[in-house]
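None of the values given here were measured: they were computed from a predicted structure.
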Amino acid sequence: MINRELIRIKIVQLTYVYYQNGNRNMDNAEKELLFSLSKAYDLYNYMLYLIVVITREMRHRVDIAASRAEREGTEGPSQKFAFNKFAVQLEENKMLTAFVESQNQTWDDDIEFVRKLCGQIEQSETYLSYMADPDDSYEADREVWRKLYKQFIQNNEELEAILEEKSLYWNDDKEIVDTFVIKTIKRFEAKNKAAQKLLPEYKDEEDRDFARKLFRATILNADTYQRYMSETSHNWDFSRLAYMDVVIMQIAIAEMLTFPNIPISVTINEYVELAKLYSTPKSGGYINGMLDGIARYLIQSGKLLKNIDEPKSKPAKTEPAE
């Protein structure tokens, strides 16, 4: 589940913190990086578990309504959503159950939020259409949860505030984690029952190594990389650059030089997007031009054995972000 996009984000964050922290210990910083990534995987499981918690609350509501109907001699409520086939399978999932049992965090402290969410779901067109539809297939049950997750959980500011209080590590993780939760919902199959595999923490050991190697190269070769920046930026005074720009370019150079199989264009595009997210409005354009120039300088000097696409037209001169 932890992909390279998330790894790059964490390395940008923790490299910035590393230089702000007076006690610069490489081993401790690396442990912090890996712990931060593991917390993102915890969030993935925690968001899947929210589906289970919502289902249980809905089931509780159905039980109350059924008891009232029995007393009044009226027709009982539908149990279709309370025992949604996908949600029940997720509730019984061995991997998710193991996660929940190993963690101290639950949704118990946020039950009022869960109840509010249930109320919003019950009033939604998605829910009402599902309840009225005679289709009781597993596929329909899975699909309604995919829609509900996107509608009520994926971009929920109140939920994001709750998660931020639970863990500072989750501040920037939810957007990426949500995409993996939705991917997981779509991958579920009824035939797998409780043994359905959730996404692994890492796709393979190569991605875990990518995180370690990139972070170490960024820190240990900082002086060299900053010299490359200076030599290819016409001796810009680094005090004029946004500090985050320097950090982002430093990591990008580390990636170019450390991972021969990653194309230069991929690296530049990834860090330009991160600059737009974490630095100043002008940073994306400036970093794009700078990294292109640095890559060409490294190739010409024999330090980087990769190819780079020639520009179709001469790029406009860019100014560094203040």
Side-chain angles (χ1 to χ4, degrees), residues 1-3 5-6 39-62 78-93 95-97 99-100 103 105-108 110-133 135-164 166-167 170-190 192 194 196-201:
M1 188 225 79
I2 297 173
N3 63 1
E5 179 184 0
L6 182 59
K39 291 296 291 183
Y41 190 63
D42 287 350
L43 180 59
Y44 163 74
N45 283 275
Y46 199 53
M47 298 314 297
L48 284 170
Y49 186 51
L50 178 58
I51 296 174
V52 173
V53 173
I54 291 171
T55 299
R56 289 174 178 171
E57 175 61 24
M58 290 292 212
R59 200 174 295 157
H60 177 65
R61 293 182 179 208
V62 166
S78 169
Q79 297 190 348
K80 184 178 182 180
F81 191 79
F83 290 92
N84 174 287
K85 298 178 184 65
F86 161 75
V88 169
Q89 183 186 9
L90 184 61
E91 184 177 19
E92 296 172 350
N93 184 268
M95 290 179 69
L96 185 60
T97 299
F99 166 79
V100 172
Q103 301 293 311
Q105 289 182 327
T106 68
W107 287 96
D108 293 349
D110 303 293
I111 191 61
E112 291 306 318
F113 168 77
V114 173
R115 289 169 180 163
K116 178 181 177 181
L117 205 55
C118 288
Q120 293 171 340
I121 289 172
E122 286 178 321
Q123 296 172 23
S124 71
E125 183 61 34
T126 301
Y127 174 85
L128 295 173
S129 296
Y130 165 78
M131 295 298 286
D133 192 338
D135 185 357
D136 64 349
S137 67
Y138 174 87
E139 289 72 22
D141 281 11
R142 182 183 59 199
E143 177 62 11
V144 75
W145 259 115
R146 186 191 69 82
K147 291 179 178 178
L148 290 172
Y149 191 95
K150 293 185 73 172
Q151 186 175 352
F152 293 100
I153 299 176
Q154 187 167 13
N155 295 304
N156 188 315
E157 292 183 1
E158 184 177 356
L159 174 57
E160 289 170 5
I162 289 172
L163 294 174
E164 186 174 343
K166 290 182 179 294
S167 175
W170 290 348
N171 286 357
D172 297 306
D173 293 351
K174 187 173 180 294
E175 183 176 351
I176 293 176
V177 167
D178 281 337
T179 65
F180 285 108
V181 172
I182 292 169
K183 181 178 180 179
T184 299
I185 293 171
K186 292 164 66 176
R187 285 163 57 107
F188 259 58
E189 296 184 20
N192 294 331
Q196 172 73 47
K197 296 292 186 182
L198 303 182
L199 296 177
E201 184 171 5

| With sequence neighbours excluded, what pairs up with Gln154 under the side-chain hydrogen bond (donor to acceptor under 3.5 Å, both in side chains) test? | none
| field | Phe152: ring pair (Phe, Tyr, Trp, His ring centres under 6.0 Å) partners, not counting sequence neighbours | value | none
| said: Between Lys183 (side chain only) and Met1 (backbone N and O only), is there a donor and an acceptor less than 3.5 Å apart? | reply: no
| Test side-chain contact (heavy atoms from CB on, under 4.5 Å) applied to Thr106 - qualifying residues, sequence neighbours left out | Asp108
| task | Take Leu48 and Asn93, measure what side-chain contact (heavy atoms from CB on, under 4.5 Å) needs, and give me the verdict at the end. | result | CA-CA 11 Å; Leu48 284 170; Asn93 184 268; over 6 Å; no
| Have Thr126 and Gln151 got a donor and an acceptor in their side chains that come within less than 3.5 Å? | yes
| remark: Here the gap from Met95 atom CE to Leu199 atom CG, rounded to the nearest 0.5 Å, amounts to 8.5 Å
| Which residues pass the ring pair (Phe, Tyr, Trp, His ring centres under 6.0 Å) test with Tyr41, sequence neighbours left out? | Tyr44
| query | Minimum heavy-atom separation for Ile153 to Met47, with atom names? | reply | CG2-CE, 3.5 Å
| field | Candidate pair Asn84 and Met58, rule side-chain contact (heavy atoms from CB on, under 4.5 Å), full reasoning | value | CA-CA 10 Å; Asn84 174 287; Met58 290 292 212; over 6 Å; no
| task | List the atom of Ala40, the atom of Asp173, and the distance in Å for their closest heavy-atom pair. | result | CB-OD2, 3.6 Å
| query | Roughly how far apart are Glu164 CD and Glu157 CD, rounded to 0.5 Å? | reply | 12.0 Å
| said: Run the side-chain contact (heavy atoms from CB on, under 4.5 Å) test against Glu175 and tell me which residues pass, sequence neighbours left out. | reply: none
| remark: Sorted by chain and number, sequence neighbours left out, side-chain hydrogen bond (donor to acceptor under 3.5 Å, both in side chains) with Ser78 holds for none
| OG/Ser124 to NZ/Lys147 distance, rounded to the nearest 0.5 angstrom? | 10.5 Å
| field | Derivation of the side-chain contact (heavy atoms from CB on, under 4.5 Å) call for Trp145 and Ile54 | value | CA-CA 11 Å; Trp145 259 115; Ile54 291 171; 3.8 Å; yes
| message | Going by salt bridge (charged side-chain N to carboxylate O under 4.0 Å, His left out), name the pairs with one or both residues in residues 110-121, residues two or more places apart or in two chains. | response | Glu57-Arg115, Asp110-Lys166, Glu112-Arg115, Lys116-Glu158
| Residues forming a ring pair (Phe, Tyr, Trp, His ring centres under 6.0 Å) with Tyr127, sequence neighbours excluded | Phe81
| query | Among all residues two or more places apart in sequence or in another chain, which pass the side-chain hydrogen bond (donor to acceptor under 3.5 Å, both in side chains) test with Asn192? | reply | Gln196
| query | Mind checking what makes side-chain contact (heavy atoms from CB on, under 4.5 Å) contact with Val53, not counting sequence neighbours? | reply | Tyr49, Trp107, Val114
| Which residues satisfy the side-chain contact (heavy atoms from CB on, under 4.5 Å) test with Asp136, sequence neighbours excluded? | Lys85
| said: Counting neighbours of NZ on Lys80 that are heavy atoms of other residues, nucleotides or ligands and sit closer than 6.0 Å, is the number greater than 12? | reply: yes
| Minimum heavy-atom distance between Thr55 and Ala82, given as atom pair plus value | CG2-O, 3.4 Å
| From Asn3 CG over to Ile176 CD1, what is the distance, rounded to the nearest 0.5 angstrom? | 6.0 Å
| said: Could you tell me if the side chain of Ile185 sits less than 4.5 Å from the side chain of Arg142, heavy atoms only? | reply: yes
| query | Going from CG on Asp178 to CG on Asn155, what distance comes out if it is rounded to the nearest 0.5 angstrom? | reply | 7.0 Å
| said: Could you measure the distance from the CG atom of Asp135 to the CD atom of Glu143? Nearest 0.5 Å is fine. | reply: 11.0 Å
| task | Grab the two heavy atoms, one from Leu128 and one from Glu122, that are nearest each other, plus how far apart they are. | result | CD2-O, 3.7 Å
| So Asn156 and Leu117, side-chain contact (heavy atoms from CB on, under 4.5 Å) or not? Walk me through it. | CA-CA 10 Å; Asn156 188 315; Leu117 205 55; 3.8 Å; yes
| Nearest non-hydrogen partners of Ser167 and Lys39, listed with the distance | OG-CE, 3.7 Å
| message | Going by the rule side-chain hydrogen bond (donor to acceptor under 3.5 Å, both in side chains), which residues pair with Asp141 if we only count those two or more places apart in sequence or in a different chain? | response | Tyr130
| Beyond-backbone contact of Leu163 with Tyr46, side-chain heavy atoms, under 4.5 angstrom | yes
